[in-house]
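Just below is one structure, and these are the notes that go with it.
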Amino acid sequence: MSLGDEEKYDKVVDLAMRRGFFWPSYEIYGGLAGFYDLGPLGALLKENIKNLWLDYFVFKHQDMVVLVETPVIAPEAVFKASGHLESFTDPIVACSKCNKIYRADHLLQDSLGVRTEGMHPEELNALIKEKGVRCPSCGGELGEVRTFNLLFQTNVGPYRHGTAYLRPEAAQGMFTSFKRVFTSMRYTLPVGIAQVGRVARNEISPRQGMVRLREFTIMEVEFFFDPEEPITPDFNRFQGRLKILTAESRRSGVEEPITVKPEEAVAEGIVLNPWLAYWMSVAQAFVKEIGLGEGEVVFEEKLPEERAHYSRQTFDQLVAISRWGWVEISGHAYRTDYDLSRHMQFSGEDMTVYRELREPKEAVVRRVVVDEAVLRESLGEEAVKVVNILKSFKADEAERMIKDGEVVVAGLRVPANALRVVEEVEVIRGRRFVPHVIEPSFGAERLVLVALDKAYTEEGGRVVLKLPPRIAPYKLAVFPLVTKDQLRSVARRIYEEAVRAGLTVIYDEDGSIGRRYARVDEIGVPFAVTVDYRTLDDGTVTVRLRDTREQVRVGIDDLIRWVANRFTGSQL
RNA sequence: GCGGCGGUCGUCCAGCCUGGUCUAGGACGCCGGCCUCCCAAGCCGGAGAUCCCGGGUUCGAAUCCCGGCCGCCGCACCA
């Protein structure tokens, strides 16, 4: 890990601001912590990263993953159900003397030995006053207990009950629309619902530049599957080994990750679910295209107390960048049936799915049969009152009554011979259950920063951004060698042709050719085309490669195809 | 949220301590022109800073004082 490489980080940030990748928002009003603008180049870079993500997580899996878009604002009920309202509100209290901040409930629980879980701030306040609790650090007086929630609150319409929140993750949109998507997908399982969108988290003190934002773009898949279905993912599709640092080894102080194939990690019980391991392998293949080799990515398993309330197992995908060291670029959580079950409970909507078994099963069931003729004989007209009650009896209950000889139901004596328990063979064709969920989730802005950090190099005092061509904001630069009209007009024509072909292109005739190469190197343009005098003779141009400065001659007619061929996976 | 340090053209830096000489200086970058047959060459010209914001002290504030905002570091917090 290249910790503490502050000089490089400063240069990356300087480049980002100077050339227009990103900068702090609202600068003219003094800025606002935790908010960043993406500039002309940053917006393109992020768009390319987003499209790359869509390619890996949606289009390469379009037999099972679909894309949706849901609102940023959600009503309070959603976050009550999701657990965010509860789990993100901490009661905190500050010492008025030394200003240390404590979790109020934890402080009281520790110092008084009473259970404070779930207490309201008023109760905690009262308790502090009553027992005279003071700051454990300096003995100073404690201030008022306040709550702090990471959700941004807002209001929908002019109504008092319109309390709503900005989503802190896209996931709830996928859960609340699950039934619709599932139906429109003709009940396929497994099914992934993907979304790219803005989220907001009211971080207490975000002070890591682009690493920790209060508003950012999340790229997320909620992948729904049948936990009992023995289908295994096709691990051959995204080959590679995963470096995994397990919770167990972290507990015992081991910081060295193990390297395993994803399927081995499942077989050995390191990763609890095959789909979790599968999507981790996809995540690794995806970031490889951003410039991160296999060896540079580590999946760190979160300790139980570090996990979110909904997760059974979580791996953070970490990469090392300058200045900040290991940063989390994605989280992979096994959310089980937590979310759908909660929404089922809170909304009253049935979130279960029905699946046919591969082979119908035969099962022996014991049923209660009521002999209505016998019943009428002994109870006459009143028989109707008890018949349904009797039918709802479990087989065991009925048998007990039969053994006792008679039974009193609804104040009526029912003879035992009115009941019989029969054994029947029933064919079971399917079952109902709440699907389980695996969630891979990426922060787009962090990937922008990581891509820049990885790509940043200096060669002989000049900056070369070695961005992979697929994500480079501009793919091609076109220059006339000198500003002579014949060269210019050819260069202009090439520029226009490249634009028509759908490439992002820079045309520049300002300054010396060397200066122009340097300018486009700095923003990561992978290929530069120079129209020179030889072009006028034989119709070829110089293509100069950013990373090697190598020059090759290419015919104008082949140029676009030549460039396009260097973007594997592009639609061109 | 607290404490320490900082905030001057796009960028980096000088000036601040010791108030006036600052209509704020330099370098790089940027823009226009000239020159130029391949890696930040040269020449000419130009734009660009209400010195972070607000208030105060003073005849006079980039400079001194107070408050705010933002950034960095530490503490605390952190799905």
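So that the names make sense, note that chain A is the first sequence line, chain B the second, and so on, each numbered from 1. Just so we're clear, the structure is a prediction, and the values are computed from it rather than from any experiment.
Within the 4.0 angstrom heavy-atom criterion, base atoms lie near Thr483(A). Across all strands, Arg534(A) comes closer than 4.0 Å to no nucleic acid atom at all (heavy-atom distances). Among the protein residues, Ala308(A) comes within range of the sugar-phosphate backbone only, with heavy atoms under 4.0 Å from sugar or phosphate atoms but none that close to a base. Counting non-hydrogen atoms under 4.0 angstrom, Asp14(A) reaches the backbone sugars and phosphates but no base. Residue contacts for Val463(A): at a heavy-atom cut-off of 4.0 Å it reaches a base atom on one of the strands shown. At the heavy-atom level, Glu27(A) lies nowhere under 4.0 Å from the strands shown. Here Leu481(A) lies in heavy-atom contact (under 4.0 Å) with a base.
Partner Asp521(A) forms a salt bridge (Lys or Arg N to Asp or Glu O under 4.0 Å) with one of Arg516(A), Lys466(A), Arg544(A) and no other, that one being Arg544(A).
Atom CZ of Arg488(A) is separated from atom P of rU36(B) by 14 Å (rounded to the nearest Å). In this structure, the CG atom of Asp485(A) is 14 Å from the P atom of rU36(B), given to the nearest Å. Separating the CG atom of Leu545(A) from the C1' atom of rC38(B) is a distance of 14 Å, rounded to the nearest angstrom. If you measure from atom NZ of Lys11(A) to atom P of rC12(B), you get 13 Å, rounded to the nearest angstrom. For the pair Asp10(A) CG and rC12(B) P, the computed distance is 9 Å after rounding to whole Å. When rounded to the nearest whole Å, the span between OH of Tyr9(A) and P of rG71(B) equals 11 Å. Rounding to whole angstrom units, CG of residue Asp510(A) and P of rG33(B) are separated by 8 Å. Counting to the nearest Å, the C1' atom of rC52(B) and the CH2 atom of Trp23(A) are 19 Å from each other.
Using a 4.5 Å heavy-atom threshold, the side chains of Leu151(A) and Leu85(A) count as touching.
Atom NZ of Lys50(A) sits in a sparse spot, with 12 or fewer heavy atoms from other residues, nucleotides or ligands closer than 6.0 Å.
For the pair Phe479(A) and Ala477(A), the tightest heavy-atom approach, listed with the atom from each and the gap, is CZ-CB, 3.7 Å.
Side-chain N/O atoms of Arg519(A) include one lying less than 4.0 angstrom from OP1 or OP2 on rC30(B). Under 4.0 angstrom from either OP1 or OP2 of rA41(B) there lies at least one side-chain N or O belonging to Ser512(A). Of the side-chain N and O atoms in Arg515(A), one or more sit less than 4.0 angstrom from OP1 or OP2 of rA41(B).
In this structure, the ring of Phe57(A) has its center less than 6.0 angstrom from the ring center of Trp279(A).
By the 6.0 Å and 45° rule, Arg214(A) does not stack over the aromatic ring of Phe35(A).
Of the candidates rU11(B), rU36(B), rA40(B), the closest approach to any side-chain atom of Glu522(A) belongs to rA40(B). In the set rC78(B), rU11(B), rC38(B), rC78(B) carries the atom at the smallest distance from any side-chain atom of Leu150(A). Listed nucleotides: rA40(B), rC70(B), rC37(B). Nearest to the side chain of Arg462(A): rA40(B). The side chain of Arg212(A) lies closest to rC77(B) when the candidates are rC35(B), rC38(B), rC77(B).
Between Tyr517(A) and Arg214(A), the residue anchored closer to the 5' end of RNA chain B is Tyr517(A), taking for each the nucleotide with the nearest heavy atom.
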